[in-house]
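Remember, it's a predicted structure, so these values are computed and weren't measured experimentally.
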Amino acid sequence: MDAATLTYDTLGFGEFEDFPETSEPVWILGKEFNALTEKDDILSDVTSRLWFTYRKNFPPIGGTGPTSDTGWGCMLRCGQMILGEALVCRHLGRDWRWVRGQPPRGEYIGILNAFLDKKDSYYSLHQIEQLCMPWLDYGGAACAEPPGWMPTHNGCLEGACALAEEETALWKPLVLLIPLRLGLSDINKAYIETLKQCFQLPQSLGVIGGKPNSAHYFIGYVGEELIYLDPHTTQSAVEPCEDSQVPDDTYHCQHPPCRMHICEIDPSVAVGFFCRTEDDFDDWCMRIRKLSHTRGSLPMFELVDCQPSHFACSVDVLNLTPDEAGIQSEVRCGQARCTTDKAPFKGNFPDVRGDRVHDFSDRLERFFDSEDEEFEILSL
């Protein structure tokens, strides 16, 4: 395999800094570590996250398109990482660890296969292009699948997507992504503590964000620094071996993780959570409500028991996922609302408008003016 190509963002770091020796707690995706006594555990945990980076020499997207995503695919790679983390939690558990050279579990291989850079991998860049442009003909790819279709790999049901029938009957594991804007050009410091506390929740999938034109996948923090995985390294595309095993060394970051001062992050972020069971979701709701009452900081969003009357509008609902998936995500005039096929969620998410958050208890009304902004859903 060709050596990795370091792009502009990675080159800025020179040699990667070792993890700091500090008495402050280290939080990574809901797990707390001691940097003085558990440094190896920290690095093992970070290394075990799926690391999706720029790739080159993969089959042309759409048959004649690009063969590398260097320079334009960083946000897509971050999206793959947060989804990959959800699948790992779903099929392997949050405490699963990747060990170099150790025979992998079948579920892990199923997950990894779903992200390989080729047309028949369900979460590849090729599939993302097709889902964004379904009117294009990509030679029989997944644009119009028959009812009941499920992704397969080499004729077998994809392990990353297979669900037991009894599980789907009651609760479907939920991936919840909440897009937020926490300031205008810079993050409003009133949100910093709340953002950090999101990494402490056991349901945390991390945060997609970064700097202008440079996306990162944030997985935790230590002190005032965010810990993140950087997709800006170009590596060669990987093909499965004859025995369907995947050379996976390049899918795990094996150097100390990158860090960034929290004030440097762009205010536009997407916060992710994973609720495997209904109890997980109820626990998440309880924790979010507690965060809303944290002194000295503002909530990034809040939950309410029903949709406020002043949120009613005449704009048609945009369904982002099909009912058959068991999870509905809807966008209505800037408001995020989620329901399952079992029952409506117990909370609706308020819209974030500029540097304002609607606070339904009116406790924080003095921070904001009363102007309303208009939002449009744009399609390209």
Does any non-hydrogen side-chain atom of M81 lie less than 4.5 Å from one of L50?
no
Just do the side-chain contact (heavy atoms from CB on, under 4.5 Å) check on R100 and Q254 with the steps written out, would you?
CA-CA 10 Å; R100 186 176 187 178; Q254 299 176 59; 3.4 Å; yes
State the CG-CD1 distance between L195 and I262, to the nearest 0.5 angstrom.
4.5 Å
Between the side chain of S297 and the main-chain N/O of E193, is any donor-acceptor distance below 3.5 Å?
no
Is there a continuous path of hydrophobic side-chain contacts, each under 4.5 Å between heavy atoms, that joins I28 to L43?
no
Looking only at heavy atoms, which two atoms of L177 and G272 are closest? And how far apart?
CD2-CA, 3.7 Å
For the pair H216 (side chain) and F218 (backbone), establish whether a donor and an acceptor sit closer than 3.5 Å, ignoring hydrogens and angles.
no
Taking the side chain as every heavy atom from C-beta outward, state whether D279 and W284 have any atom pair closer than 4.5 Å.
no
May I ask you to check whether Y123 and F115 place their ring centers less than 6.0 Å from one another?
yes
Is the backbone N or O of P60 less than 3.5 Å from a side-chain atom of T64, with the two atoms forming a donor-acceptor pair by type?
no
Should P256 and V46 count as side-chain neighbours, where that means a heavy-atom distance under 4.5 Å?
no
Look at E302 together with R289 and state whether they make a salt bridge at an N to O cut-off of under 4.0 Å.
no
Result for side chain to side chain donor-acceptor pair (under 3.5 Å) between Y221 and one of Q200, K196, Q197 points to Q200
V207 and Y228: CA distance, side-chain angles, deciding distance, side-chain contact (heavy atoms from CB on, under 4.5 Å) verdict:
CA-CA 9 Å; V207 174; Y228 66 95; over 6 Å; no
Residues passing the ring pair (Phe, Tyr, Trp, His ring centres under 6.0 Å) test with F199, sequence neighbours excluded, are none
First locate atom OG of S204, then atom CH2 of W27, and finally report the distance between them rounded to the nearest 0.5 Å.
10.5 Å
Thinking salt bridges, do D41 and R97 make one under a 4.0 Å N-O criterion?
no
Taking W98 for the side chain and T47 for the main chain, is one N or O donor matched with an acceptor at less than 3.5 Å?
no
Separation between CG (D248) and CD1 (I111), nearest 0.5 Å, reads 12.0 Å
Here the pair of heavy atoms bringing V246 nearest to I109 is N-CD1, 4.1 Å
Do R105 and H91 have side chains that get closer than 4.5 Å, going by heavy atoms?
no
Please name all residues satisfying salt bridge (Lys or Arg N to Asp or Glu O under 4.0 Å) with K31, sequence neighbours left out, ordered by chain then number.
D95
Under a single-linkage definition using a 4.5 Å side-chain heavy-atom cutoff for Ile, Leu, Val, Met, Phe, Trp and Tyr, are L226 and L291 assigned to the same hydrophobic cluster?
yes
With sequence neighbours left out, the residues meeting side-chain hydrogen bond (donor to acceptor under 3.5 Å, both in side chains) with E38 are none
Hey, can you tell me if F301 and F273 have their rings parallel, tilted or perpendicular (30° and 60° cut-offs)?
perpendicular
Between S236 and K56, the two heavy atoms sitting closest are OG-CE, 3.5 Å
Where the side chain of D280 meets the backbone of T277, is there a donor-acceptor pair that is under 3.5 Å apart?
yes
To the nearest 0.5 Å, how far apart are SG in C285 and CD in Q203?
9.0 Å
Do W51 and H252 make the cut of ring centroids closer than 6.0 angstrom?
no
Who are the side-chain hydrogen bond (donor to acceptor under 3.5 Å, both in side chains) partners of D186, not counting sequence neighbours?
none
What do the steps show when you test I288 against L201 for side-chain contact (heavy atoms from CB on, under 4.5 Å), and what is the final call?
CA-CA 9 Å; I288 290 298; L201 302 182; 3.8 Å; yes
Check S185 against P267 and note the closest heavy-atom contact, atom names and distance.
O-CD, 3.6 Å
Let me confirm one number: the CG-OG distance from D40 to S44, rounded to the nearest 0.5 Å.
8.5 Å
Partners passing side chain to side chain contact (heavy atoms under 4.5 Å, CB included) against D69 (at least two apart in sequence or in another chain)
Y54, R55, F58, W72, R77, L125
Taking side chain as C-beta onward, heavy atoms only, is N188 less than 4.5 Å from L182?
no
Ignoring hydrogens and angles, tell me if any N or O in the side chain of S121 forms a donor-acceptor pair with the backbone of S124 under 3.5 Å.
no
Should L112 and L92 be regarded as members of a common hydrophobic cluster, given that ILVMFWY residues are connected when their side-chain heavy atoms come within less than 4.5 Å of each other, either directly or indirectly?
yes
Please list, chain by chain and in numerical order, all residues satisfying side-chain hydrogen bond (donor to acceptor under 3.5 Å, both in side chains) with T53, sequence neighbours excluded.
Q235
Do we see a donor-acceptor contact under 3.5 Å between the side chains of D230 and Y217?
no
Against E85, only a single residue in R94, R90, Q80 fulfils side chain to side chain contact (heavy atoms under 4.5 Å, CB included); can you say which?
R94
Using modelled atom types only, decide if a donor and an acceptor are shared between the side chain of K39 and the backbone of F19 within a distance under 3.5 Å.
yes
How far does NE2 of H126 sit from CD1 of I61, to the nearest 0.5 angstrom?
5.0 Å
Provide the closest heavy-atom pair for L229 versus P231 in the form atom of the first, atom of the second, distance.
O-CD, 3.7 Å
Is any side-chain heavy atom of C241 less than 4.5 Å from a side-chain heavy atom of P247?
yes
Side chain proximity check, C263 to E224, heavy atoms < 4.5 angstrom
no
Closest contact, heavy atoms only, Y108 versus P104
CD2-CB, 3.4 Å
Side chains of N34 and V26 in contact at under 4.5 Å (non-hydrogen atoms):
no
D45 and R49: CA distance, side-chain angles, deciding distance, side-chain contact (heavy atoms from CB on, under 4.5 Å) verdict:
CA-CA 7 Å; D45 194 21; R49 303 310 107 214; 2.8 Å; yes
Do I82 and W96 share a hydrophobic cluster, counting only Ile, Leu, Val, Met, Phe, Trp and Tyr and linking them when any side-chain heavy atoms are less than 4.5 Å apart?
yes
